[in-house]
Every structure is written in C-alpha cells, then in structure tokens.
2 protein chains.
Amino acid sequence: MSSDEILNQAQEIFEVYLEQNGHRKTPERFAILHEIYTNYGHFDVETLFSHMQSGECRVSRATLYNTMELLIDCNLVRKHQFGDNIAQYEKCHRVGQHDHVIIADSGEVLEFCDPRIQQIKATLEELFDIEILHHSLNIYARKRKNK
Amino acid sequence: MSSDEILNQAQEIFEVYLEQNGHRKTPERFAILHEIYTNYGHFDVETLFSHMQSGECRVSRATLYNTMELLIDCNLVRKHQFGDNIAQYEKCHRVGQHDHVIIADSGEVLEFCDPRIQQIKATLEELFDIEILHHSLNIYARKRKNK
DNA sequence: TTCTTTGCAAATGCTTTGCACCCAG
DNA sequence: CTGGGTGCAAAGCATTTGCAAAGAA
C-alpha cells in the first residue's frame, strides 16, 4: 500500500470518526492529519507547529493539542513519553504494533517487534485477571563503540 | 532482610557514593533517602515534598529534585513517566528488576517480572549492535469485571 | 575559611484554558 | 443562524535556575 493510500484511508477514518462523534470537519483538522501522515514517524507538537507555520494552513498550538486528542481517540496517532517531559507522538494507522529503542546520546528512535511481548501479555492477563489495553516498551541503549 | 537493614544498606551506599563523587553529606540528603526508603513504593516529588513539610526535616522542592538526581545516579531510585507528565519515582535498592502494570481506572501499579524480557533484550543487542542501559515496560490494563 | 548545598522565588517550557471571533452544519 | 472550533494570549503546573545565605569539610 502506497503512502498516498495510507493517507487517504486515514482521512476517511478521521472523517467517519468526526461524524459519528458530532465533531466538525474543519480544514485545520485535516491539514494537521495530512501534515502528520505526509511527513513524520515520531514528532512533538512544537516541531509540528513550526513546520505548519511555514506551510499554507497555519494552526495554533491550542488547535494542535486539541486535534492530537481526537487523533489519539480514533487510533490514528499514539502518544509516548520517552523519559523527558516532552510528549512524542507517532502516526499509527496500519503500522503494526511495535516497540522502541531510544539511543541515549542522539535521541534516535529505532523500532522493533518481538512476538514474545504478546506472550508476556497473555501470561499477565491470566495471572492478574486483567484485560490489557495497550503497553509501552522502551529500551534505552547506546551504540557499540568498538567494531 | 528487614526493611531496617535495607535502609541501612541504602544509606551506606549513598554515603560511599557521595564521598567518591565529592558531594557533601548533608542532613537533607539523608533525610530524603530515609523518607523514601521508609515510606514509599512509588511516589512523586510533590507527595514527598508535602510529607516532608510536616516532618522534622523540611526541605525545598529544589533540594528534592537535586537529590533525586543523585539517588538515581547511584541506583537507589528509579524514575518513571507513566503517561501523564508527572514523574514518578521508585526506590530500587535490592528490588529485583521488574516491570509495571498500570490499572487504568484506579492508577494502581502492580509489579511483575518475566524472564522473556531479558531474552528480548539479548536479541536486540545483537540485532542492532547496541548496549542496552535499561528499559521500561508498562502495561496498561483494566480489571476484569465478570467473575 | 572555602566552596558546595540549600531555600526561596522567579523563570522556564510544555500544555491547558478563557474568551472573542469565525465558520461548518 | 448557532454552537462548536479556532487563535491568541494568559494561566497552570512540574521542573529548573539564579542568587544570597547557610553550613560541611
């Protein structure tokens, strides 16, 4: 599936979500979705804000924060807190469940997916009699120096 | 090992750490360590602050934040970010590596330890040629309703 | 005495909120 | 039209910082 198709699907999902929840389909909301799905893997609100300031549709920080909540609510975006207190966001439509390796020096974020996580979750659900909603696994590491 | 012994060991570790790194052994620092090791599992700075205000040794928030860094540096305390942007801390001397289940409704924190995490980490170190420093795995769940 | 540490209060930086104006429905 | 949405600026809140005073070495 091309990234255009992914964007289109995301827009459709967002539209349906907005309709079903009685929210208006404003140009700002779609501009934000478009920006996110066109340009980023992981990002923070400030980056998004400054990029969109130099674009055609300028939105305020307030609108960005509002819209992020909507996008999170309809599973088009996920929110992370990687240690510092700047929230990081990530688009997540059709992106398989994965986890993160954060490189200490550079802040670079790698992604991986290990099936053993699912096994652990299954064990926990039984052990604690809980229903797992989601999880976050972050590995903090540094690159090996000696080759 | 009793909790008194754990406290004593922690104090000793802290003392050695302070000496070796040219930090002074102030009463505030030991009062904070004592408060943490006597009273909490997980806690945030504000809780610690207000509890210590009503105690004998009153410390400022600034000192609390400073001291938390020292304690983290010598592995007597760990820092978490469970989603919101209030940092949560946890004492960790002689507490085996473990991870967390956060119950959505109540905010209750359960602990667990699964050896498969270590296996995953070993795999990742090889895969990405990195040296893993630490990790954080948080499972967000809700309690099963029907019994 | 010396120089780190403390405490206070002000500053910072991310995020939220209040409110007047605007526009999707 | 009408009420939800937007932008702006102000407010909130956790955390950090500057600086004078305190006190550990």
Side-chain angles (χ1 to χ4, degrees), chain A residues 11 14-35 42-74 77-89 107, chain B residues 11 14-35 42-74 77-89 107:
Chain A
Q11 284 176 337
F14 197 29
E15 234 177 293
V16 171
Y17 167 82
L18 291 175
E19 272 170 21
Q20 293 190 342
N21 293 73
H23 295 297
R24 292 182 180 168
K25 301 177 199 169
T26 66
E28 288 84 357
R29 286 173 177 167
F30 286 97
I32 293 167
L33 179 66
H34 185 277
E35 175 73 15
H42 299 82
F43 59 92
D44 56 50
V45 170
E46 204 50 36
T47 305
L48 194 53
F49 177 72
S50 59
H51 283 198
M52 292 192 75
Q53 281 311 93
S54 44
E56 36 188 276
C57 181
R58 305 187 177 188
V59 299
S60 67
R61 269 176 262 261
T63 302
L64 280 176
Y65 281 107
N66 286 338
T67 305
M68 294 319 290
E69 287 214 347
L70 297 175
L71 290 172
I72 289 166
D73 197 40
C74 63
V77 161
R78 261 195 280 168
K79 182 176 181 177
H80 300 285
Q81 297 267 155
F82 292 139
D84 40 23
N85 44 3
I86 311 162
Q88 297 261 113
Y89 298 86
Chain B
Q11 285 177 337
F14 197 30
E15 233 178 294
V16 171
Y17 167 81
L18 291 175
E19 271 169 21
Q20 292 190 343
N21 294 73
H23 295 298
R24 291 183 180 168
K25 302 177 198 168
T26 67
E28 287 84 358
R29 286 175 177 164
F30 286 95
I32 293 168
L33 179 66
H34 185 277
E35 175 74 13
H42 299 82
F43 60 92
D44 57 50
V45 170
E46 204 50 35
T47 305
L48 195 53
F49 177 71
S50 59
H51 283 198
M52 292 191 75
Q53 281 312 92
S54 44
E56 36 188 274
C57 180
R58 305 187 179 189
V59 300
S60 66
R61 269 176 263 261
T63 303
L64 280 176
Y65 282 107
N66 286 338
T67 306
M68 294 320 288
E69 287 212 348
L70 298 175
L71 291 172
I72 289 165
D73 197 39
C74 62
V77 162
R78 261 194 280 168
K79 182 177 181 178
H80 300 286
Q81 297 268 155
F82 292 139
D84 38 24
N85 45 5
I86 312 162
Q88 297 261 113
Y89 298 85

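By convention in this document, chain letters (A, B, ...) are assigned in the order of the sequence lines, proteins followed by strands, and residues within each chain are numbered from 1.
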Asker: Looking at CZ of A:Arg58 and CZ of A:Phe49, how far apart are the two atoms once the value is rounded to the nearest 0.5 Å?
Answerer: 9.5 Å
Asker: Check the distance between D:dC13's P and B:Asn85's CG and give it to me in whole angstrom.
Answerer: 12 Å
Asker: Please round to the nearest 0.5 Å and tell me the distance separating atom CG of B:Leu48 and atom CD of B:Gln53.
Answerer: 10.0 Å
Asker: How many whole angstroms separate atom CE of A:Met52 from atom P of D:dT6?
Answerer: 11 Å
Asker: To the nearest Å, give me how far apart CD (B:Gln88) and C1' (D:dA14) are.
Answerer: 13 Å
Asker: Contacts to DNA chain D from residues 14-32 of chain B, heavy-atom cutoff under 4.0 Å, which residues?
Answerer: B:Arg24, B:Lys25, B:Pro27
Asker: On the 0 to 90° scale, with breaks at 30° and 60°, tag the B:His42-B:His80 ring pair as parallel, tilted or perpendicular.
Answerer: tilted
Asker: Scan residues 62-70 of chain A against DNA chain D and write down, sorted by residue number, each residue with any heavy atom closer than 4.0 Å; if none is found, say none.
Answerer: A:Ala62, A:Thr63
Asker: Would you mind reading off the distance between B:Ile86 atom CD1 and D:dG12 atom P, rounded to a whole angstrom?
Answerer: 17 Å
Asker: How long is the span from the CD atom in A:Glu19 to the NZ atom in A:Lys25, to the nearest 0.5 Å?
Answerer: 3.5 Å
Asker: If you measure from CG on A:Leu64 to CD on A:Glu46, what distance do you get to the nearest 0.5 Å?
Answerer: 9.0 Å
Asker: With rounding to the nearest 0.5 angstrom, report the CD to SG distance, A:Glu69 to A:Cys74.
Answerer: 12.0 Å
Asker: How close do B:Ala87 and B:Lys79 get, heavy atom to heavy atom, and via which atoms?
Answerer: CB-CE, 3.7 Å
Asker: Can you measure A:Arg61 atom CZ to D:dC8 atom C1' for me and round it to whole angstrom units?
Answerer: 11 Å
Asker: Quick one: do B:Thr63 and B:Ile32 satisfy side-chain contact (heavy atoms from CB on, under 4.5 Å)? Show the steps, please.
Answerer: CA-CA 9 Å; B:Thr63 303; B:Ile32 293 168; 4.1 Å; yes
Asker: In terms of the nearest nucleotide of DNA chain D, which residue is placed more toward the 5' end: A:Val59 or B:Asp44?
Answerer: A:Val59
Asker: Rounded to whole Å, how long is the line connecting atom CZ of B:Phe49 with atom P of D:dC13?
Answerer: 16 Å
